[in-house]
Student: 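For reference, the structure I am asking about is given below.
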Amino acid sequence: MSNAPASPQAGGGRASMKKELPERFKSYRHVWVFVELERGHVHSVSWELMGEGRKLADKLGVELAAVVMGGVDAGVREAAQESFAYGADVAYVVENPVLADYRNETYSKALTDLVNTHKPEILLLGATTLGRDLAGSVATTLLTGLTADCTELDVDADKSLAATRPTFGGSLLCTIYTLNFRPQMATVRPRVMQMPRRQDGRDGRIVPFDVDLREDDIITKLLRFVPDRDSNKSNLAYADIVVSGGMGLQSAENYQLVRQLASVLGAEYGCSRPLVQKGWVPAERQIGQTGKTIRPKLYIAAGISGAIQHRVGVDGADMIVAINTDRNAPIFDFAHLGIVTDAVRFLPALTEAFRKRLSPHSKDRLAG
Amino acid sequence: MHIVVCIKQVPDSAQIRVHPVTNTIMRQGVPTIINPYDLFSLEEAMRWRDKLGGEVTVLTMGPPSAADSLRKALTYGADRAVLLTDRFFAGSDTLATSYALSAALAKIGEAFGAPDIVFTGKQTIDGDTAQVGPGIAKRLDLKQLTYVSRIVDVDLTSRSIVAERRAEGGVQVLMTQLPALVTMLEGTNEIRRGSLDDALRAARADVVVWSAADAGISDLQKCGLRGSPTVVKRVFAPPPRSEKAELVETHGRAPAESADALIDIIFARAPGVEADLAKSVSGF
Ligand SMILES: Cc1cc2nc3c(=O)[nH]c(=O)nc-3n(C[C@H](O)[C@H](O)[C@H](O)COP(=O)(O)OP(=O)(O)OC[C@H]3O[C@@H](n4cnc5c(N)ncnc54)[C@H](O)[C@@H]3O)c2cc1C
């Protein structure tokens with residue numbers, strides 16, 4: 001189950017044998033981004049990808065297209081219009097009652113038909129539960145390559161997509177190509193790419209697409225959708241400030257110190273993986289390669305060593321502050337600021353110091 | 001009922017080291033384990049077998065040593081193990097892997113009865129793509145249920161399955177027809193210890209070993225490196241950040257004093273953070 005090479009050399013040897021692109025794929029052009037629309041709401045990963053897709057399209061000198069599908073009057077047109085503000089030149093819209101809710105059967109058929117008709121050279125999807133469910137089916141049907149969870153996308157001199165992703169638990173990165181097949185497919189996790197600036201008033205072409213789907217022919221039925229209770233849901237991936245703790249905190253009780261600081265800062269709280277494994281913190285709070293990717297303005301990590309699997313989840317933070325007793329801990333290699341001290345003693349002091357500065361009576365001590 | 005669980009033997013990546021000079025992975029001596037995500041699917045499979053009767057077959061594609069993981073699965077309580085192994089499979093990407101496993105699943109169907117449910121892990125810890133399950137479903141025309149948090153019901157008479165599936169912002173309750181492909185979410189159950197009987201049986205059991213030809217694969221162009229549309233061109237270590245962290249002095253200071261010093265530097269270097277905090281305070 002791996003995009004990873006059996007050995008690095010194996011891939012290299014084959015890549016150098018690159019043949020010319022088969023004739024049937026030569027007409028494949030343009031960059032597409034699948035816009036994930038669920039219950040009237042576009043997942044922000046789609047706009048993050050639009051920003052990335054724009055760069056690829058500009059380098060290739062081709063158009064950027066959004067693919068939006070959903071039920072009738074389910075916000076498809078609105079999302080298509082919005083995609084122009086985020087950089088799309090064209091929006092393919094597929095409206096059909098059977099697409100009201102995501103189902104693999106209907107969505108994979110619609111997307112496959114669209115690709116076979118309009119032939120993009122690159123197709124990007126978010127690595128969400130929906131995107132991963134869909135991408136694997138579509139790539140298999142089209143018998144093309146798919147690179148999952150990319151952290152970097154670029155085009156080479158020969159115009160092929162260079163998709164970089166972590167391999168082997170994140171300790172190494174590898175760059176993967178789909179040389180002789182089209183479209184070249186890739187997924188990217190939320191928050192890995194930067195959100196592009198919105199350009200209101202930017203316009204594009206809407207291209208409707210009909211797909212031959214009737215509810216009677218579809219075997220999978222959605223019986224119910226149970227929305228998450230909002231109170232339960234962490235907004236970790238999109239928080240401006242995140243405070244997190246690792247094994248250096250030594251106990252579940254001490255993890256409260258992280259939550260207290262987060263609460264004073266109006267921040268979200270997170271953790272390294274071992275705390276989840278120990279059952280101290282729920283899994284949705286894990287930050288890193290197998291947890292959430294975050295891009296906060298400020299990330300405070302207390303008692304976290306900074307293993308590569310953790311690092312890949314926080315590399316997008318504007319400022320990383322590390323609190324660690326070990327001055328040689330790897331986290332100091334990528335943190336911007338650090339303090340070599342015992343987090344269990346220091347966190348309460350930091351919380352108190354922030355509380356003082358943020359209390360309304362001392363507003364003069366803050367800018368703005 | 002016949003359930004097949006596809007598992008993968010992976011290096012225990014907690015113990016993988018990267019050679020500091022060549023940047024290649026040093027695999028020697030790294031112990032292997034069953035991909036942890038696969039165990040949630042294996043346990044779920046065994047629970048439904050226990051409830052409805054039938055058999056659980058575990059299938060893996062890998063080197064001959066992957067038989068160890070199959071034997072481990074037998075000690076947990078699986079009934080039969082099939083190892084698909086052939087040098088032609090080396091270097092498979094997700095597309096080639098789903099091709100080979102689909103062929104083996106078809107063969108398993110002929111030899112031991114068609115599977116009603118095929119499970120795979122949600123993803124692996126070494127490849128982490130989550131794409132092989134959907135690939136198998138597409139190739140064998142199985143109804144696909146990924147990220148399942150609970151299988152609510154399996155009805156062999158009406159050949160239906162109801163499952164709760166994790167989606168963005170909520171849980172979908174889906175009903176579909178068997179045969180289906182299911183991937184379980186992590187944390188949904190806990191793998192059983194396995195009985196002494198299972199351990200004894202596993203020690204004696206024969207793992208069924210198939211080559212590509214045994215699995216009925218005639219088109220080797222679709223296998224391994226040759227059958228993989230993706231090509232890995234470069235493998236490299238992530239670059240370090242150029243400057244080291246600025247360290248706040250703690251020597252001879254009380255924690256409160258260092259805390260103030262740290263906040264000063266944070267605000268000086270990230271004025272946006274200070275402004276945001278000020279806004280949120282005045283917002284009260
Ligand atoms: C496939 C795979 C995926 C993984 N995915 C993730 C992931 O998504 N996220 C993740 O975080 N990890 C992940 N890991 C685990 C990762 O490799 C590390 O093991 C983990 O991040 C370490 O957590 P830690 O830093 O909290 O603990 P440790 O490595 O044990 O570090 C504890 C740190 O605390 C410091 N310390 C000790 N006492 C104190 C004190 N009193 N005050 C301050 N500092 C103190 C120590 O100096 C040390 O640096 C993954 C591993 C694998 C193999």
Side-chain angles (χ1 to χ4, degrees), chain A residues 1-6 8 10-11 14-15 38 104 128-130 132-133 136-137 140-141 144-146 148 168-169 171-179 181 219-228 266 297-298 319 332-339 341 345-346 349-350 353 358 366-368, chain B residues 8 13 16 18 25 90-91 93 124 126-127 129-132 134-135 138 143-144 146-147 166-177 187 225 229-238 240-241 245-248 250 255-256 259-260 262-263 265 270 272-275 277-281:
Chain A
M1 277 193 205
S2 164
N3 257 328
R14 184 166 174 266
E38 266 200 309
N104 180 271
T128 57
T129 50
L130 189 162
R132 287 176 165 213
D133 188 90
S137 307
T140 309
T141 311
T144 190
L146 166 61
F168 287 110
S171 42
L172 289 174
L173 297 170
C174 59
T175 304
I176 297 176
Y177 292 76
T178 297
L179 293 176
F181 299 86
I219 290 170
T220 306
K221 303 292 178 196
L222 180 79
L223 304 182
R224 251 187 348 271
F225 184 86
V226 187
D228 292 330
K297 294 180 182 162
L298 174 62
M319 170 166 288
F332 290 122
D333 292 341
F334 61 94
H336 302 87
L337 266 180
I339 180 159
T341 190
R345 283 185 62 218
F346 185 68
L350 188 60
L358 297 175
L366 282 169
Chain B
K8 185 182 182 190
S13 38
I16 283 189
V18 177
I25 300 122
D93 73 355
T124 59
D126 60 344
T129 67
Q131 303 302 351
V132 170
K138 201 36 97 187
K143 294 294 164 251
Q144 174 173 323
T146 56
Y147 302 99
R166 162 80 2 223
E168 295 300 320
V171 172
Q172 293 184 318
V173 185
L174 292 166
M175 177 160 87
T176 194
Q177 288 301 118
L225 264 182
T230 59
V231 172
V232 178
K233 265 206 189 170
R234 270 196 307 278
V235 179
F236 56 100
R241 207 177 293 240
E246 174 182 347
L247 291 185
V248 172
T250 51
D260 263 322
L262 179 62
I263 295 172
I265 305 180
V273 169
E274 182 176 16
L277 283 170
K279 238 182 283 159
S280 70
V281 169

Student: What are the two closest non-hydrogen atoms of B:P255 and A:R345, and how far apart are they?
Tutor: CG-NH2, 3.7 Å
Student: How would you list, by chain and number, every residue that makes a side chain to side chain contact (heavy atoms under 4.5 Å, CB included) with B:T250, sequence neighbours excluded?
Tutor: A:I339, A:T341, B:S258
Student: Who wins among A:L298, A:T144, A:V226 for the most heavy-atom pairs under 4.5 Å with chain B?
Tutor: A:V226
Student: Show the nearest heavy-atom pair for residues A:A349 and B:A256, with the distance to one decimal.
Tutor: CB-N, 3.9 Å
Student: Who passes side chain to side chain donor-acceptor pair (under 3.5 Å) against A:T140, sequence neighbours left out?
Tutor: none
Student: Tell me, out of B:G135, B:P134, B:A245, who's got the most heavy-atom pairs with chain A below 4.5 Å.
Tutor: B:A245
Student: Of the backbone (N, CA, C, O) and the side chain (C-beta and beyond), which part of A:D133 lies under 4.5 Å from a heavy atom of chain B, both, or neither?
Tutor: both
Student: Give the member of B:K143, B:R166, B:E168 that has the highest number of heavy-atom pairs under 4.5 Å with chain A.
Tutor: B:E168
Student: Mind ranking B:V273, B:V248, B:I265 by heavy-atom pairs under 4.5 Å with chain A and telling me who comes out on top?
Tutor: B:V248
Student: Can you give me the closest heavy-atom contact between A:F332 and A:G338, atom names plus distance?
Tutor: CE2-CA, 3.7 Å
